[in-house]
Amino acid sequence: MMLLMVGLFSYLGAKLIGLCISNLLLAKFRKIQVDARHIPDLPQAEVEQFCLTQQLHRETAERQRIQNELEKSLSWQQMTLESTTDGILAVDTQGNIAGFNQKFVQMWCIPELLLESGNYKQALRVALKQLKNPRQHLDTVRESYLKPDIQIYDAIAFKDGKVFERYSQPQRIGQKIIGRVWSFRDVTAHKIAEATIRHQALHDLLTDLPNRVLFNQRLSESLVQARQNSSKLAVCFLDLDRFQTINETLGHAIGDQLLQNVAQRLSKCLRAGDTIARWGGDEFTLLLPEISNIQDAIHFQEQILAAFKSEFYIENHYLHISPSIGIAIYPIHGEDAETLIKNADAALYRVKSQGRNNYQFYQSKINSQALKLLTLENSLYSALEREELIVYYQPQVKIATGEIIKMEALLRWQHPELGLIPPGKFIPLAEDNGLIIPIGEWVLRTACTQNKAWQDALDLPSLSVAVNLSARQFGQPNLVGLVKQVLSETKLNPQYLDLEITETIAMQDVDFTRKILNDLGNMGVSISLDDFGTGYSSLSYLKNFPVHALKIDKSFVCNLTSNSNDAAITTAIISLANALNLKVVVEGVETEEQRNLLRILKCEFMQGYFFSRPVLAEDATTLLKKSKSQRVSSYLENKTDGRWQMVDGRKNFSSFIVN
Ligand code: C2E
Ligand code: MG
Ligand code: MG
């Protein structure tokens, strides 16, 4: 580039000076022509006269040819000078303007008359006013006078954002320097493009946050500072819980907007000097340099969790999303960038496996646990294929009659080495990696097939089955179609299928939930809100959702008899449900005392270890048979006032207990 510029400017400089010389020659030849017309007549020697005339003609013709050549050359040179995209200015050693082209006038916005007057000082004054750093330009001009043979190549910035590349070299005739040619090229667009490319290389295109590269750069710099100042810094890994569900349900365009909104909210939590970067997908990393203690980091995490409390409103969707955050502190949890990032990630993994929407600091034990989870996740891929998954069933009992009215399907994983793994250990993993979709479909099909078999074989036509749906399952495209297909394949009447979703899932996107629940309801399938009381418990939404039952979470039941608050909440939920015409099921009933108290609180349906633990299908068959025969016998014994009643429910219920 530089060489090209040097070549071009030498050429243009030579042309410009050549132009002046051409003008001089042309004037001289014109004079000779005029003189030739005045050669006196010499009559004494006709021959000589003739020869002279001939010579004169030849000379005149030659002069004419030279004049034409010069005019042509002059025209070419002028054209060349004007056709370059560079602005060119030639100044002689006395500081007078010797020439300039139109491009120079346009680029510098200096009045042409001023330039034609040759007053370089005046023109320079106009030029300086436009520059960001006029002193620097003036120094360069001065230097060019002090060292007339230097070449200058640099860039000058204008106040309005323009950038010119500047090249200057002395002009010589022979060895003598006769002036200097300045040449300017507008490289503003090029500089902007360069800056954009530099920005893009270090920033995420979607959110415009710093990317991994810039984050790592800043982390390395901050670590140097922290080492020097013996201060602490925090590295946080933040992941959005169940973001994939939103992406899959509402599409990537909404997912992208959500990420942009999240980026904005997170940015607002930062102090000056903090960095938030998009690590990839729905993962963000945060760098908090200069934290004075762990409490600072805790305070910051609380702020982040609070920032996610209110919903995001995107294209008519109210979206609830929560973050999980893993934190590693320098120098406690690692001394170099790589270790800190790895440990923050391990802490995040732990938050995820323990229920999400929270933060945790790294603990050295985590790594082995994360490794275990990773191994588990890998073998989960083949669990379905190798038929290691099993559906257990837990009865739901109608207290008034003691009959099992429903069986809840609860998944287990019979791992070849680790034994029976509860769903809480592997469903979050399956949810994250998407395996929950094929697994959930398999559970639905197995449970419906089993229920239909029980209905037919045990003559229990109104027995229902409940199947749990995770967030990703609920958001999967064509859930309604899948349910319809499974029901038709298994020939189970839709009214005997109950789908359980949690409040958190229901509240993720209220409009979407309402639509899906309506479609399922129209098909005849019933819906229960699982773990009720632990999530949003947004009562105002309850009446809008076509829900059939509330399942009060077991956490309220365990302290029911000792904690008056839990009893009060349970009572309130039961009366609320009654007012809204919803069925109430209390789960986690473990003791007789709890059962009795719940009966007083007018709870009609119960589920829990007191009646039976979740059991294999064969054991559930035994329970159903028992329930049926005992119910019939107790009915026969206790019919009063035209209603079947059980005198000693306790006897019947305890006889269900398995394990
Ligand atoms: P859930 O749907 O609320 O199921 C009730 C959980 O409480 C079950 O745990 C059950 O074994 C346990 N439980 C029942 N009675 C008692 C009791 O008296 N005391 C105590 N302490 N616990 C009791 P489990 O089977 O470990 O399931 C845990 C959660 O895993 C379920 O909670 C459900 O959300 C999820 N899950 C289970 N199976 C599936 C499935 O097939 N698909 C999906 N998406 N989630 C499932
Ligand atoms: Mg459930
Ligand atoms: Mg539950």
Side-chain angles (χ1 to χ4, degrees), residues 240-246 248-249 308-309 311 318-324 351-358 394 396 406 408-411 422-432 436-437 439-440 443-444 447 465-476 479 483 497-517 520-521 525-558 569-570 573 576-577 580 582-588 605 607-608 614:
L240 299 178
D241 302 332
R242 303 191 176 92
F243 173 75
Q244 208 47 37
T245 313
I246 290 177
E248 284 168 7
T249 321
F308 279 81
K309 281 262 149 56
E311 66 235 313
Y318 288 97
L319 304 174
H320 284 276
I321 193 139
S322 55
S324 293
V351 180
K352 288 253 165 209
S353 65
Q354 291 182 355
R356 306 176 165 103
N357 192 15
N358 212 339
Q394 188 180 33
Q396 223 177 74
K406 193 181 286 178
E408 177 172 5
L410 293 163
L411 188 60
K425 282 250 161 61
F426 66 90
I427 283 187
L429 296 178
E431 178 79 3
D432 278 346
I436 192 69
I437 301 294
I439 291 177
V443 173
L444 181 69
V465 71
V467 174
N468 291 283
L469 292 184
S470 67
R472 201 154 173 174
Q473 284 176 276
F474 188 68
Q476 72 182 287
L479 169 71
V483 172
L497 173 64
D498 182 39
L499 295 176
E500 295 190 5
I501 57 167
T502 61
E503 290 166 272
T504 317
I505 298 174
M507 292 298 294
Q508 259 178 16
D509 179 355
V510 171
D511 294 331
F512 174 80
T513 302
R514 193 179 298 124
K515 176 170 183 334
I516 298 288
L517 295 191
L520 290 169
V525 172
S526 61
I527 308 292
S528 297
L529 273 192
D530 205 355
D531 305 345
F532 191 77
T534 58
Y536 294 93
S537 307
S538 174
L539 306 180
S540 58
Y541 280 113
L542 260 185
K543 62 178 190 307
N544 293 323
F545 288 149
V547 167
H548 303 86
L550 302 183
K551 292 188 79 176
I552 300 180
D553 189 65
K554 54 182 177 292
S555 57
F556 294 102
V557 184
C558 51
I569 293 170
T570 309
I573 296 177
L576 166 84
L580 292 170
L582 296 172
K583 258 174 60 177
V584 178
V585 184
V586 179
E587 51 183 8
F605 303 95
Q607 183 179 340

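Computed over heavy atoms, backbone and side chain alike; hydrogens, waters and symmetry mates excluded.
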I want to check something: taking the side chain as every heavy atom from C-beta on, are Asp553 and Glu587 in contact at a cut-off of under 4.5 Å? yes
For the CD1 atom of Ile569 and the CD1 atom of Ile552, what is their distance to the nearest 0.5 Å? 10.0 Å
Is any side-chain heavy atom of Leu497 closer than 4.5 Å to one of Val465? yes
Under 4.5 Å between any side-chain heavy atoms of Leu517 and Ile501, yes or no? yes
Looking only at heavy atoms, the pair that brings Val351 and Asn358 closest together is CG1-O, 3.3 Å
Would Thr245 and Phe474 count as a side-chain contact (heavy atoms from CB on, under 4.5 Å) if you check the C-alpha gap in whole Å, the side-chain angles of each, and the deciding distance to 0.1 Å? CA-CA 8 Å; Thr245 313; Phe474 188 68; over 6 Å; no
Identify the two heavy atoms, one from His320 and one from Ile246, that lie closest to each other, and give their separation to 0.1 Å. O-CD1, 4.5 Å
Student check: side-chain heavy atoms of Lys352 and Asp241 closer than 4.5 Å: yes
Side chain to side chain donor-acceptor pair (under 3.5 Å) with Thr249: which residues, sequence neighbours excluded? none
For Glu311, which residues count as a salt bridge (Lys or Arg N to Asp or Glu O under 4.0 Å) partner, sequence neighbours excluded? none
Nearest heavy-atom contact between Gly440 and Gln473 is CA-NE2, 3.1 Å
Which distance, rounded to the nearest 0.5 Å, do you find between the CZ of Phe308 and the CD1 of Ile321? 7.5 Å
Taking atom CD of Glu408 and atom CD of Gln396, what is their separation to the nearest 0.5 Å? 7.0 Å
Correct closest heavy-atom pair for Val547 and Ile527 would be CG1-O, 3.7 Å
Inter-residue atom distance Gln607.CD - Lys551.NZ, 0.5 Å rounding: 4.0 Å
Could you give the distance from CD1 (Ile436) to CD1 (Ile427), rounded to the nearest 0.5 Å? 4.5 Å
Within the structure provided, determine whether Arg472 and Ile437 are in side-chain contact (heavy-atom separation under 4.5 Å). yes
Closest non-hydrogen atom pair, Phe532 against Phe556: O-CE1, 3.6 Å
Residue pair Ala471 / Ile505: nearest heavy atoms and the distance that separates them: N-CD1, 3.4 Å
Check whether any side-chain heavy atom of Thr504 lies under 4.5 Å from a side-chain heavy atom of Asn357, and answer yes or no. no
Donor-acceptor check, side chain of Glu503 to backbone of Gly533, threshold 3.5 angstrom: yes or no? yes
Test of understanding: with salt bridge (Lys or Arg N to Asp or Glu O under 4.0 Å), list the residues that count as partners of Asp509, not counting sequence neighbours. none
Is the backbone N or O of Pro428 less than 3.5 Å from a side-chain atom of Glu431, with the two atoms forming a donor-acceptor pair by type? no
Assess the side chains of Thr502 and Asp531: does a donor N or O sit below 3.5 Å from an acceptor N or O? no
